[in-house]
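Report on one structure; see the data block that follows.
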Amino acid sequence: MKKKRKMSKKQKTYLFIIIPVVLLFFMFNTWPMLNGFFYSFTNYKGYGSYEMVGFQNYIDLFSDTRVLKSYLFTFKYAICGTILVNVLSLLMALALNAKIRCKSALRGIYFVPNILGGLIIGYIFSYIFTYIIPAIGQTWNIEWLQNSILSSPAYAWIGVLIVGVWQAVAMTTIIYISGLQTVPGDVYEASRIDGSSKWTEFWKITFPLIIPFVSINLVLTTKNFMMVFDQILSLTGGGPAQSTDSISYLIYNNGLDGGQFGFQSANAFIFFLVIVIFSIVQQNITSKKEEQL
Amino acid sequence: MEKAIRKSVKKPKEKTNWVLTIILILGTFTVFFPLYMAINIAFKQPSEMTNSIEGALGLPSSINFSNFAEAMRVTDFWHSLGNSLFITLATIALALVVYSLAGYVLGRTIAKHKGFKWVYLYLISGMFVPFAILMMPLVKETAMLHLGNQFGVILLYLVFYMPMNVMLYAGYMKNIPTVIEEASEVDGASTWTTFWRVIFPMMKPMHATVAVLTALGTWNDVMTPLVIMSGTGINTLPIAQLNFQTQFGTNYNLAFASYIMSLIPILLFYIICQKQIISGVANGAVKG
């Protein structure tokens, strides 16, 4: 009996801790989300009065070219970014995990882009794209380098992609390195005795053993690239000709300043669904892969 | 050639891969070049900037800090730095206390109690919520609650990073055997004291991870202060750069001096705690 009373006292402490936490979370996460959901059914501008418009915003979303373009850009950017970042990072991680000199210094240096803020990095690269690369193009008479990539509607997204990849590789590489370190060394010795080449060794031994890390990285990079904001703000501002309007940037720009509070709330909600569906799909693939191991 | 090297080195298990070492050292150029260029331009005068490569990349004719002094004045550097430091440090302090408490409770209860399990899933589900969907309603909400300031930003960070970090702490509780708490409770200590005296110190490795993740996240964040504190005149370092860009965008020498100054604090932090930062980031990602 004494034990039971003690349990309940413990329970009280637990509740005393967890209730404020849940309330805080509800207040600044769930409540604004519900609010946004509500506004997505109105024609609210962000100020003044508004009316309920039913599903009109959602219907309009699918015929709004600017919204559709922003989804196209974001998906294109996220897919290319994820593939590039993961291939480069895996190569980097293999190199940084090999028998090399100055290993920890090199690892330290290659991690630097990750700790620097996206906004300032964007500004620095914006200068490189606008002044330095065209200057190189002029000196060596390379025509396609003479104009800033950021002012070309067709290629500006590649400029944004370069900056995004430059920053993301740092983090992804570190995760791959910690993955490679979980592979025991004697596995390799066995394969070396069998005389298999480095290439088959990688695909037959290393890669299957680090698949959990591959899936972590795929999830993280895709998510981060889908939510791209800082780089857009500092590099292109969504331009030229709205060719680099990311979804987050469009919601920020038109929702807060452009008088589309209600409409962009609907957009935000669809974006949320996209993220959720994407995460569920990724998680399913991940758990299946891990079972195989 | 490989064989020759292998023979010449006597006993080490594996030969040093010099080709790879050299490639990697050359590759650091991609990291250093943008930083070199930024520092270089920060020291130059507008008259030294020409449109040729030498104009952009050549060394400045003299080292003087006038650009830095001017940039400090224009961006109100010390205030922005103070705000950034305050927001980051307060968020870290609150994060360690709140997340570890919540992680402790949930780590101990989710296996046994359905209610707590639901609470856990509810908090974790926040990981899927992009800031974009909360942004507009939050601007209204914080304004209404008079939280359109540093305190509002801190509270929001505390909520945004909650799902990931509570999960990390709850997972870490598996490493701490319940016997330890029970022993302390037999001695008559309350759950509360047991947590602070016994559990909290034992969570030290997780504290480091959470502190690093929170520090990097808050220090570099643009979006939250941008939307929550816009129009208040309260700047963080990144926001000061953004304002600077819109006002004085054409003076690159001043701009780069200002960028460099706002990069220095985080670079110093990185140089001092490099090991903890790298392992913290890796830990957070792998366990989360």
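Keep in mind that this is a model prediction, so the values were computed, not measured. Within every chain, numbering begins at 1; the chains are lettered A, B, ... in the order of the sequence lines, protein sequences first and strands thereafter.
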Q) Looking at B/Trp219, B/Tyr104, B/Phe131, which makes the most heavy-atom pairs under 4.5 Å with chain A? A) B/Tyr104
Q. With side chains defined as the heavy atoms from C-beta onward, is the minimum distance between B/Met162 and A/Leu24 less than 4.5 Å?
A. yes
Q) Given a strict heavy-atom distance threshold of 4.5 Å, which part of B/Val139 is in contact with chain A: side chain, backbone, both, or neither? A) side chain
Q. Hey, does the side chain of B/Tyr270 reach the backbone of A/Gly108 with a donor-acceptor pair shorter than 3.5 angstrom?
A. yes
Q | chain A contact via B/Leu242 - which portion, at a heavy-atom distance below 4.5 Å | A | both
(Q) Side chains of B/Tyr122 and A/Thr30 only: does a donor on one sit below 3.5 Å from an acceptor on the other? (A) yes
Q: Please confirm whether the backbone N or O of A/Gly46 pairs with a side-chain atom of B/Lys140, one donor and one acceptor, at under 3.5 Å?
A: yes
Q.
Please check this pair: side chain of B/Asn220 against backbone of A/Ile115, looking for a donor-acceptor N/O pair closer than 3.5 Å.
A. yes
Q. Among A/Val112, A/Ile120, A/Leu34, A/Leu15, who wins on heavy-atom pairs under 4.5 Å with chain B?
A. A/Ile120
Q: Please state whether the side chain, the backbone, both or neither of A/Leu220 comes within less than 4.5 Å of a heavy atom of chain B.
A: side chain
Q: Mind ranking B/Tyr99, B/Trp192, B/Phe195 by heavy-atom pairs under 4.5 Å with chain A and telling me who comes out on top?
A: B/Trp192
Q. Is atom OH of B/Tyr36 surrounded by more than 12 heavy atoms (other residues, nucleotides or ligands) closer than 6.0 Å?
A. yes
Q) Are the ring centres of B/Phe128 and A/Phe272 closer than 6.0 Å? A) no
Q.
Using side-chain heavy atoms (C-beta onward) and a distance below 4.5 Å, is B/Leu24 in contact with A/Leu96?
A. yes
